[in-house]
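Quick notes on the structure that follows.
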Number of protein chains: 2
Amino acid sequence: MKMTTSNTANINTRLSHLQEETKFSISVDCVIFGYDTSKLKVLLIDCNMPPYVGQKSLIGELLEARETTTQAAKRILKNCTSLKDLYLEEVSVYSHPDRHPLGRVVTLAYYSLISITEYEKHIEDVENKRPEWIELEQIKDLAFDHQKILRDAYNRLQRTVREKPIGFSMLPKKFTLIQLQNFYETVLNIELDRRNFRRKLMALGLLIDLKEVQNNVSHRPAKLYSFDFEKYKQKQNIGTLNFEI
Amino acid sequence: MKMTTSNTANINTRLSHLQEETKFSISVDCVIFGYDTSKLKVLLIDCNMPPYVGQKSLIGELLEARETTTQAAKRILKNCTSLKDLYLEEVSVYSHPDRHPLGRVVTLAYYSLISITEYEKHIEDVENKRPEWIELEQIKDLAFDHQKILRDAYNRLQRTVREKPIGFSMLPKKFTLIQLQNFYETVLNIELDRRNFRRKLMALGLLIDLKEVQNNVSHRPAKLYSFDFEKYKQKQNIGTLNFEI
DNA sequence: AAGCTTTGTGTCAATTTAACACAAAGAATT
DNA sequence: AATTCTTTGTGTTAAATTGACACAAAGCTT
């Protein structure tokens with residue numbers, strides 16, 4: 001009996017909460033990483049909202065009435081890259097009450113990895129502005145709290161790239177082992193021994209030797225490989241696969 | 001010039017967004033883990049909201065007007081445990097439009113670790129209900145999407161406990177090496193070799209030998225240790241400390 | 001043909017991990 | 001008081017992994 005009354009009271013409390021309590025604008029911001037000739041880059045747009053006019057910002061949108069934050073992130077990515085099925089990972093929530101000059105906006109940040117080459121094929125403007133690839137190392141003073149978001153996203157990328165083969169979505173479909181090594185060296189900001197790196201990667205058994213070589217290079221051409229996503233899925237299902245670099 | 005007009009247009013667009021567009025209730029849900037005699041437990045309350053009456057749920061509250069989600073999580077933890085400075089880690093956002101029966105509520109999940117012994121000293125009711133410790137293994141059919149939240153939180157806990165010494169906040173201040181080993185075996189759901197475990201832990205140099213032993217045990221009493229948080233902080237600042245178990 | 005640049009490859013030492021058995025401490029029992 | 005019981009505490013060895021390191025081969029350029 002007691003339970004029943006207490007139940008009712010509680011439902012009412014909750015109902016009134018939902019009706020009367022504070023509601024929030026929610027946005028989704030995307031850190032879009034790309035990789036090109038040993039540089040990690042991020043797709044940014046000009047911010048024209050005071051007091052951040054002249055600074056760059058991440059690409060974001062407000063969450064719509066009936067979409068999940070993930071759906072919103074995919075929508076944003078599709079709008080600005082025309083690419084689908086991109087790798088997408090949640091970074092964190094940013095909810096400081098004063099983080100946005102126009103009022104309270106709670107934002108969810110995601111990061112995504114794309115091939116700059118593929119991107120170049122279908123460039124799209126965002127809010128009538130052309131997004132730009134900026135080298136990660138040169139990015140500073142982003143608008144809002146986007147510098148912190150970027151830092152967090154990069155940390156997440158560094159962690160995940162060590163554990164999962166997500167890097168391949170930033171590389172060309174056919175790549176050389178040296179390109180792959182350069183990629184890891186750039187993203188992780190470390191140096192790797194060429195022979196040991198090759199040994200490790202080949203030992204994973206997930207690279208397909210395409211029996212092709214580079215051409216138009218003025219030195220010994222390197223062999224081309226592609227990543228065996230199918231085999232990776234299978235191994236993943238069977239047991240624990242660790243992709244430690 | 002063009003830039004200027006385009007800027008203005010954009011600010012207006014954004015302003016109207018914030019004023020008119022959909023706003024959302026945001027809640028924060030806490031997965032509160034505790035550990036007791038080789039069992040991992042979670043603090044749950046009865047849910048009395050249809051259609052989930054009779055089921056258990058995580059402890060959560062709506063986000064208030066001027067607090068961050070982290071602050072909200074701390075408020076919730078303080079309310080239901082009277083404990084402060086608990087370990088707290090973000091899990092994920094849950095934003096399916098139909099996840100809540102009373103309307104759209106986007107939730108941020110956090111998990112936290114507490115010592116059940118400390119908790120027992122200051123038990124607090126939540127919404128006039130007494131939360132209960134339930135063994136993780138026995139938890140099923142939680143209300144809302146809380147089962148998924150719990151799964152995600154446990155995954156995060158398993159990952160973090162391998163990398164950082166967060167487990168010590170769930171153990172008594174003085175513990176034996178066997179207790180510590182049992183803790184890791186329970187949380188990670190694996191078996192560890194006693195000798196190798198001891199060697200590894202002692203090699204970290206972060207356990208303080210208290211020169212005390214258990215008493216009132218009907219066998220050889222084990223030595224007691226405590227964790228050297230100070231030294232850990234220092235080592236963390238100096239270089240890369242990995243706490244791999 | 002010689003030279004240049006970059007690729008491709010194997011071994012060995014050092015370190016780390018995994019497996020494993022028996023003596024010692026104290027309480028309980030006889 | 002001696003024996004038994006349970007659990008703690010400890011060291012060695014083999015196997016696997018990692019890190020360091022140098023030279024020949026391929027193709028383009030001159």
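No experiment lies behind these values; they were computed from the predicted model shown. Below, chains carry the letters A, B, ... as their sequence lines are ordered, and counting in each starts from 1.
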Quick one: side chains of residues 213-225 of chain A, donor-acceptor pairs under 3.5 Å with protein atoms, not counting sequence neighbours, listed by atom name and distance.
from	atom 1	to	atom 2	distance (Å)
A/Q214	OE1	A/A222	N	3.0
A/K223	NZ	A/D209	OD2	3.3

Report the residues that fulfil side-chain hydrogen bond (donor to acceptor under 3.5 Å, both in side chains) with B/K148, sequence neighbours left out, ordered by chain and then residue number. B/D152
Which parts of residues 189-198 of chain B get close to DNA chain D, meaning a heavy atom less than 4.0 angstrom away? B/R194, B/R195, B/R198
The salt bridge (Lys or Arg N to Asp or Glu O under 4.0 Å) partners of A/R159 (sequence neighbours excluded) come to B/E163
Taken to the nearest whole Å, CD/A/Q214 to C1'/C/dT6 is 9 Å
What's the CE-P distance between B/M202 and D/dT8, to the nearest Å? 15 Å
Spacing between B/L201 atom CG and D/dT10 atom C1', to the nearest angstrom: 15 Å
For A/R75, the side-chain contact (heavy atoms from CB on, under 4.5 Å) test, sequence neighbours excluded, returns A/E61, A/E64, A/E67, A/A72, A/N79
With A/E132 via salt bridge (Lys or Arg N to Asp or Glu O under 4.0 Å) - residues at least two apart: A/K56
Scan for side chain to side chain donor-acceptor pair (under 3.5 Å) pairs involving residues 173-185 of chain A, sequence neighbours excluded, and state none if there are none. A/K174-A/E212, A/Q181-A/E185
Residues forming a salt bridge (Lys or Arg N to Asp or Glu O under 4.0 Å) with A/E90, sequence neighbours excluded: none
Could you give all pairs that pass the side chain to side chain donor-acceptor pair (under 3.5 Å) test and reach residues 136-145 of chain B, with sequence neighbours left out? B/R99-B/D145
In residues 171-184 of chain B, what residues come within less than 4.0 Å of DNA chain D, judged by heavy atoms? B/I178
Could you check whether the rings of A/Y111 and A/F33 sit parallel, tilted or perpendicular, using 30° and 60° as the cut-offs? perpendicular
Heteroatom pairs (N/O) under 3.5 angstrom, protein to nucleotides 26-30 of chain D:
from	atom 1	to	atom 2	distance (Å)
D/dA26	O4'	A/R220	NE	3.4
D/dA26	N3	A/R220	N	3.3

For B/R162, give me all partners under side-chain contact (heavy atoms from CB on, under 4.5 Å), at least two apart in sequence or on another chain. B/L188, B/I190, B/E244
Closer to the 5' end of DNA chain C via nearest nucleotide, is it A/K223 or A/R199? A/K223
